[in-house]
Amino acid sequence: MTQYQAPKGVSEYFPPRSLAFEWVRETLVAPAKLAGYNLLELPIFEDTELFTRGVGASTDVVSKEMYTFEDRGGRSITLRPEGTVGALRAIIEHNLDRASLPVKIWYAGAFFRAERPQAGRYRQFYSVGIEAVGSDDPALDAEVISIAYEGFKNLGLKKFRLEITSLGDRQSRAAHRIDLLKYISTLDLDESTKERVKLNPLRIFDDKRPQVRLQMQEAPKLLDYLSDESRVHFETVQKYLQALHIEFEINPRMVRGLDYYTGTTFEFVHDLLGAQSGIGGGGRYDGLMEEIGGQPLTGIGFGLGIDRALLAVEAEGLQPSTPTHSDLYLIALGEMAKVQALITAQNVKSEGISVEIAFGEKVLKNAMKRADKNGAPFVVILGDSELSTGSVELKEMKTGTTFSVTLSSLPQALRQALDGR
RNA sequence: GUGGGCGUAGCUCAGCUGGUAGAGCACUCGGUUGUGGUCCGAGAUGUCGCGGGUUCGAGCCCCGUCGCUCACCCCA
């Protein structure tokens, strides 16, 4: 065993898998950019209170999963467990919500939760998120959902589902809560579950244990308590999704782990991932801006798990579209040739062609083997004869054919050859 | 925080009822001078996670410990 190991439960990506990770991240971000969302680069830590206020003290995330520490000034700092609250804080702090609404931003990066790791669950994980603040138009809900949907679809994923529900507005939930508590009080539950119910009775819908699920079969569902306004909003969102040919199922038992969600709420689940099947989720948060000191603006957003999306991609046997090799492999024989190789590589790269130089190779045969392993479609050898004539053989590895080009015209010749393949 | 499984070469793993370690892949070199893929040959590689115990002797048995992993709780 090596002396130093990465901290427990972190996900690390190195070649070649890091290329797939990068591709997943960019693919998930792309639809947001196309819809006019712009980058918001955020700190990875915030004042602890921001999360306890925003995410909600009753949540597991806040009550037992935060990486919290004291900085040198005695302030309580927490590594961000999710992205929405920090994004809204930045929007408020920098008055981004004074411009035309809705404010539409995206972000990507690491998040932290101090949980016991398992398949698809890490202590440091990566998400892509978007937030749209300042509009309660149901069309915005549909857009946000469609952006996530397009991202997963563009990865090539097939075996994922979209589940949606509405958590209603304040009135809807107050009415439901009374009946739900009444129902729950008749159930036979263990102590820790009763405690959870006290904090947020909706949580019990998420319990996976059969003895609890069974008892919850007949529980009153929030969807049946929606106010007229909430119900119309939810129905309109559904209508839009249908128009976009985005398939979904309504899951009245869906509960999100964060307290701020209201109204439209959704989750993307993948069928091949085991216990941690959620690859993304989000929803409206109509009281959150005010909660953390901003204007009373409504908003909606999502977080998509890059780690889990990558696992899903691999589970479906999909390949990233980005190649792991360079366009050209450049072999230099001798000291003089090495200088020329560096210069040639510079010229080739200026044409936007990727090139790798064979470093430290003395034997041509071995250099060729390496070229083959690299997978580059073209190879050029630079030796004494090439230096004296100023012309090189450009070899296409797949066919084994070579053609002679002058060093100065190599970038253009390569461009042609690559385009012609 | 609770429970199950597992820790042997860079990777995937084998190692029978205890006798101080092996395979495949990968890697390095070679199969006559500057041309790869296949094939053949040669080579390097391990404190068998760590500590203790039982034993003449432990990779194998016992205890502890650390780590990884899967699941529960919960979530991306």
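Protein chains get the first letters and strands the later ones, always in sequence-line order, with residue 1 at the start of each. Just so it is clear, the structure is predicted and the values come from calculations on it, not from any experiment.
- Side-chain contact, A:His233 with A:Asp136: no donor N or O sits under 3.5 Å from an acceptor N or O.
- Atom CZ of A:Arg123 is separated from atom P of B:rU69 by 11 Å (rounded to the nearest Å).
- Shown here, B:rU65 forms a base pair with B:rG49; the pair counts as Watson-Crick or G-U wobble because both key distances fall under 3.5 Å.
- Only the P atoms considered, B:rG1 is 50 Å distant from B:rU38, to the nearest whole Å.
- For the OP1/OP2 pair of B:rG36 and a distance below 4.0 Å, the side-chain nitrogens and oxygens of A:Lys373 include no atom meeting the criterion.
- The partner of B:rA71 is B:rU2, by the rule that a Watson-Crick or G-U pair needs both atom distances under 3.5 Å.
- At least one test fails for A:Arg253 against the ring of A:Phe205: distance under 6.0 Å to the centre or angle within 45° of the axis.
- Side-chain proximity of A:Leu364 to B:rC70, B:rG34, B:rA76: nearest is B:rG34.
- A donor-acceptor contact under 3.5 Å links the side chain of A:Arg308 to the base of B:rC75.
- Close to B:rU28, at under 4.0 Å from its OP1 or OP2, lies no side-chain N or O of A:Asn366.
- Counting distance only, with no hydrogens placed and no angle test, the side-chain atoms of A:Glu386 and the base atoms of B:rG34 include a donor-acceptor pair under 3.5 Å.
- With a 3.5 Å ceiling on both atom-pair distances, the Watson-Crick or G-U wobble partner of B:rA42 is B:rU28.
- For B:rG49 and B:rU12, the P atoms lie 15 Å apart once the distance is rounded to whole Å.
- B:rC16 and B:rC73: their C1' atoms are spaced 42 Å apart (whole Å).
- A:Tyr122 comes within contact range of at least one nucleobase, with a heavy-atom separation under 4.0 Å.
- A:Glu82 places a side-chain N or O within 3.5 Å of a backbone atom of A:Val85 that can act as its donor or acceptor partner.
- As judged by a 4.0 angstrom heavy-atom cut-off over every strand, A:Thr402 is placed among residues making no nucleic acid contact.
- When the nucleotides B:rG36, B:rU2, B:rU35 are ranked by their closest atom to the side chain of A:Ile381, B:rU35 comes out on top.
- Rounding to whole angstrom units, NZ of residue A:Lys8 and P of B:rU69 are separated by 8 Å.
- Between A:Glu46 and A:Arg89 there is a salt bridge, since at least one side-chain N of the basic residue sits less than 4.0 Å from a carboxylate O of the acidic one.
- Residue A:Ala119 is classed as a sugar-phosphate contact, given heavy-atom separations below 4.0 Å to backbone atoms only.
- Side chain of A:Leu333, nearest nucleotide from B:rA76, B:rG34, B:rU35: B:rG34.
- Residue contacts for A:Glu65: at a heavy-atom cut-off of 4.0 Å it reaches the sugar-phosphate backbone alone, with no base atom in range.
- Per the geometry, NZ belonging to A:Lys365 stands 8 Å off P belonging to B:rU33, to the nearest Å.
- The side-chain ring of A:Tyr126 is not stacked on the base of B:rA76, judged by centre separation under 5.5 angstrom and plane angle under 30 degrees.
- Nucleotide B:rG37 holds its P atom 9 Å from the CE atom of A:Met368, rounded to whole Å.
- Put simply, the side chain of A:Lys64 and the base of B:rG1 share no donor and acceptor less than 3.5 Å apart.
- The side chain of A:Ala275 lies closest to B:rC72 when the candidates are B:rA76, B:rG30, B:rC72.
- Look at the P atom in both B:rU17 and B:rC27: the space between them is 36 Å, to the nearest Å.
- The nearest whole Å value for the distance from the CD atom in A:Gln276 to the C1' atom in B:rC72 is 10 Å.
- For the pair A:Leu304 and A:Met397, both in contact range of RNA chain B, the more 5′-proximal nearest nucleotide belongs to A:Met397.
- For the P atom pair drawn from B:rA44 and B:rU8, the interatomic distance equals 23 Å after rounding to whole Å.
- A donor-acceptor pair is defined here as one N or O able to donate and one able to accept, closer than 3.5 Å; no such pair exists between the side chain of A:Lys33 and the backbone of A:Trp106.
- Nucleotide B:rU12 has B:rA23 as its partner under the Watson-Crick or G-U criteria, with both atom distances under 3.5 Å.
- The partner of B:rU54 cannot be assigned: no Watson-Crick or G-U wobble pair with both contacts below 3.5 Å exists in any strand.
- Taking the C1' atom of each, B:rC75 and B:rG37 are spaced 47 Å apart, rounded to whole Å.
- You won't find any donor-acceptor pair under 3.5 Å spanning the side chain of A:Glu267 and the base of B:rA76, going by distance alone.
- In this structure, A:Arg116 atom CZ and B:rG4 atom C1' are separated by 11 Å, rounded to whole Å.
- The separation between A:Gln5 atom CD and B:rC66 atom C1' is 9 Å, rounded to whole Å.
- Nucleotides B:rG3 and B:rA9 place their C1' atoms 33 Å apart, quoted to the nearest Å.
- OP1 or OP2 of B:rA71 has at least one side-chain nitrogen or oxygen of A:Gln118 nearer than 4.0 Å.
- Nucleic acid contact for A:Asp307: none, since no nucleic acid atom lies under 4.0 Å from a heavy atom of the residue.
- When each of A:Phe125, A:Phe14, A:Tyr13 is paired with A:Phe21, the ring pair (Phe, Tyr, Trp, His ring centres under 6.0 Å) condition holds for A:Tyr13 and for no other.
- Side-chain contact between A:Ile105 and A:Leu39: absent, with no pair of heavy atoms (C-beta onward) separated by less than 4.5 Å.
- With P as the reference atom, B:rG43 and B:rC61 are 34 Å apart, rounded to whole Å.
- A:Glu351 CD: more than 12 foreign heavy atoms inside a 6.0 Å radius.
- Between A:Arg370 and B:rG37 there is no side-chain polar atom (N or O) within less than 4.0 angstrom of OP1 or OP2.
- Note: CG (A:Leu273) to C1' (B:rC75) measures 13 Å, nearest angstrom.
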